[in-house]
Amino acid sequence: MDNTTQTLIKAVDRLSDSNSLKQLFHEQQFGNPLPSQEQLQSIIDILRSIIFPGFYGRSNVNINTIKYHIGVRVERLQKLLTEQVLAGLCFVDTLPIEGEMTLDILKNKSRYISNKIIEKLPELKEILATDIEAAYLGDPAADNQSEIISCYPCIKALTNYRLAHELFIMGVPLIPRMLTEMAHSETGIDIHPGAQIGHHFCIDHGTGVVIGGTCIIGNNVKLYQGVTLGAKSFPLDEDGNPIKGIPRHPILEDDVIVYSNATVLGRITIGKGTVIGANKWVTESIPAK
């Protein structure tokens with residue numbers, strides 16, 4: 001056996017050692033594949049073509065073919081969502097399902113979730129329309145709402161987020177975070193899918209914005225680039241590990257504006273109508289104006 005072969009065998013043995021695999025190896029339930037980022041991108045592309053027909057997808061759609069155009073894409077979206085939700089459900093070791101967990105149970109659950117998302121599409125369209133309106137009214141440089149839909153990163157990020165949030169509240173593992181991280185990579189806007197965001201939400205410019213998972217954001221709120229809505233500290237359990245799932249991010253009430261590079265930390269409340277100036281560091285609640 002030559003030296004190269006010996007080197008390869010030793011490397012494989014070390015890489016396959018059970019101690020080296022801790023936290024780095026994942027085996028899907030029932031042998032189902034992991035969620036596919038390529039397929040999730042297809043889901044986002046199809047969703048954008050449904051919500052914004054003529055702007056995304058086939059550009060030659062017209063009012064006479066719109067129902068066919070949307071129908072074909074909704075059917076395709078439901079199929080892809082069912083497949084990817086199943087992959088997400090198979091990702092975790094345990095699920096809150098009574099009785100024995102079987103692949104058939106997970107298939108039925110994934111189909112149910114995808115159907116509920118399809119039912120939600122008109123509501124997603126309505127709230128995204130308010131986000132577009134807020135971006136247009138809040139930016140004198142925008143000539144029309146078509147420019148907002150076509151060009152503004154906040155609408156792309158919010159489209160991903162609003163779908164991801166619906167999947168998040170339905171308990172789908174992994175996929176919601178994958179969708180918002182895809183938007184993060186595309187736009188520089190990092191919104192955790194667990195955040196709660198009202199209507200007429202606007203992120204001007206957008207680059208570097210971070211919105212934590214337990215944030216609650218009201219209606220008619222506007223953020224500028226570089227804003228962080230984050231956690232001030234991480235309470236630890238008796239073993240010194242961060243306690244998960246507790247509210248630790250800010251609450252922004254209606255009509256709040258936060259200017260560029262401001263940092264708002266902790267479970268504090270920024271009252272209705274508050275304006276936070278650029279580069280401010282805020283760790284205490286502010287009463288409504």
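As a basis for the values below, the full set of heavy atoms in this structure was taken, side chains included, without hydrogen atoms, waters or symmetry mates.
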Are there more than 12 heavy atoms of other residues, nucleotides or ligands under 6.0 Å from atom CD1 of Ile63?
no
Before you tell me yes or no, could you show the steps for Arg14 and Asn19 under side-chain hydrogen bond (donor to acceptor under 3.5 Å, both in side chains), namely the whole-Å CA-CA distance, both residues' side-chain angles and the distance that decides it to 0.1 Å?
CA-CA 9 Å; Arg14 291 182 64 189; Asn19 291 325; over 6 Å; no
Does any non-hydrogen side-chain atom of Glu181 lie less than 4.5 Å from one of Asp190?
yes
Spell out, yes or no, whether Ile286 and Ile268 are grouped together once hydrophobic residues are joined by side-chain heavy atoms under 4.5 Å, including indirect joins.
yes
Is it possible for you to say whether Tyr224 and Tyr136 belong to one hydrophobic cluster, with membership spreading through side-chain heavy-atom contacts below 4.5 Å?
no
Mind checking whether Leu77 and Leu80 have side chains closer than 4.5 Å, heavy atoms only?
no
Between Pro173 and Gly88, which heavy-atom pair has the shortest distance, and what is it?
CG-O, 3.4 Å
Determine, step by step, whether Ile43 and Leu40 satisfy the side-chain contact (heavy atoms from CB on, under 4.5 Å) criterion, reporting the C-alpha distance in whole Å, the side-chain angles of both residues, the deciding distance to 0.1 Å, and the verdict.
CA-CA 5 Å; Ile43 285 170; Leu40 292 177; 4.0 Å; yes
So do the side chains of Leu167 and Ile175 get within less than 4.5 Å of each other, counting heavy atoms only?
yes
Pairwise salt bridge (charged side-chain N to carboxylate O under 4.0 Å, His left out) hits with a residue in residues 65-82, at least two apart:
Lys79-Glu83
Nearest 0.5 Å, what's the CD-CG distance between Glu133 and Leu128?
13.0 Å
Verify the cluster assignment for Ile127 and Ile203: are they in a single hydrophobic cluster under the rule of side-chain heavy atoms below 4.5 Å apart?
no
According to a 4.5 Å side-chain heavy-atom criterion applied to Ile, Leu, Val, Met, Phe, Trp and Tyr, with indirect links allowed, do Ile169 and Ile251 form part of one hydrophobic cluster?
no
Should the heavy atoms of other residues, nucleotides or ligands under 6.0 Å from CD of Glu284 be counted, would the total exceed 12?
no
Applying ring pair (Phe, Tyr, Trp, His ring centres under 6.0 Å) to Phe168 and not counting sequence neighbours gives His192
Gln78 and Asn115: CA distance, side-chain angles, deciding distance, side-chain hydrogen bond (donor to acceptor under 3.5 Å, both in side chains) verdict
CA-CA 7 Å; Gln78 192 276 340; Asn115 288 343; 3.1 Å; yes
Pair Asp131 + Arg162: basic N to acidic O under 4.0 Å
yes
Check against side-chain contact (heavy atoms from CB on, under 4.5 Å), Lys222 and Val258
CA-CA 6 Å; Lys222 185 174 186 178; Val258 186; over 6 Å; no
So side chain to side chain donor-acceptor pair (under 3.5 Å) across residues 264-279, not counting sequence neighbours, yields none
Where Ala164 and Pro193 come nearest, the two heavy atoms and their spacing
CB-CB, 3.9 Å
Indicate yes or no: at least one non-hydrogen side-chain atom of Pro176 is less than 4.5 angstrom from one of His165.
no
Which ILVMFWY residues can you reach from Tyr68 by hopping between side chains whose heavy atoms are under 4.5 Å apart?
Val72
For a 4.5 angstrom cut-off between non-hydrogen side-chain atoms, does Ile270 reach Val282?
yes
Output all residues satisfying side-chain hydrogen bond (donor to acceptor under 3.5 Å, both in side chains) with Tyr259, sequence neighbours left out; order by chain, then residue number.
none
Test question: given the 4.5 Å side-chain rule for I, L, V, M, F, W and Y, name all other residues clustered with Leu15, or answer none.
none
In terms of hydrophobic clustering (I, L, V, M, F, W, Y; side-chain heavy atoms under 4.5 Å; direct or indirect links), are Leu81 and Leu121 co-clustered?
yes
Distance-only donor-acceptor hits, side chain of residues 207-215, under 3.5 Å, sequence neighbours excluded:
| from | atom 1 | to | atom 2 | distance (Å) |
| --- | --- | --- | --- | --- |
| Thr214 | OG1 | Arg248 | N | 3.0 |
| Thr214 | OG1 | His249 | N | 3.0 |
| Thr214 | OG1 | His249 | ND1 | 2.7 |

Determine whether Lys10 and Asp13 satisfy the following criterion, side-chain contact (heavy atoms from CB on, under 4.5 Å), listing intermediate values before the conclusion.
CA-CA 5 Å; Lys10 289 179 180 179; Asp13 286 343; 5.6 Å; no
With a 4.5 Å limit on heavy-atom distance, are the side chains of Leu106 and Thr102 in contact?
no
Any pair counted as side chain to side chain donor-acceptor pair (under 3.5 Å), so long as it reaches residues 35-45, sequence neighbours left out
Gln41-Asp45
With side-chain contact (heavy atoms from CB on, under 4.5 Å) as the test, would you mind laying out the steps for Asp255 and Val221 before giving the verdict?
CA-CA 5 Å; Asp255 306 318; Val221 170; over 6 Å; no
Check for a donor-acceptor pair, side chain of His199 on one end and backbone N or O of Asn219 on the other, with a separation under 3.5 Å.
no
I want to check something: taking the side chain as every heavy atom from C-beta on, are Ile197 and Tyr161 in contact at a cut-off of under 4.5 Å?
yes
For Val227 and Leu229, work out which heavy atoms get closest and say how close.
CG1-CD2, 4.0 Å
Applying side-chain contact (heavy atoms from CB on, under 4.5 Å) to Ser110 and not counting sequence neighbours gives Thr82, Val85, Leu86, Leu89
Do the non-hydrogen side-chain atoms of Ile44 and Thr159 ever get within less than 4.5 Å of each other?
no
Linking Ile, Leu, Val, Met, Phe, Trp and Tyr through side-chain heavy atoms less than 4.5 Å apart, which residues share a cluster with Ile246?
Ile243
Enter the distance from Asn3:CG to Gln6:CD here, rounded to the nearest 0.5 Å.
5.5 Å
Sequence neighbours excluded and cut-off under 3.5 Å, please list the side-chain donor-acceptor pairs for residues 141-157, or say none.
| from | atom 1 | to | atom 2 | distance (Å) |
| --- | --- | --- | --- | --- |
| Asn144 | OD1 | Ser146 | N | 3.2 |
| Asn144 | OD1 | Glu147 | N | 2.8 |
| Glu147 | OE1 | Asp143 | N | 3.0 |
| Ser150 | OG | Ser146 | O | 3.0 |
| Tyr152 | OH | Asp139 | OD2 | 2.6 |

For Leu265, the rest of its hydrophobic cluster, which grows through side-chain links under 4.5 angstrom
Trp281
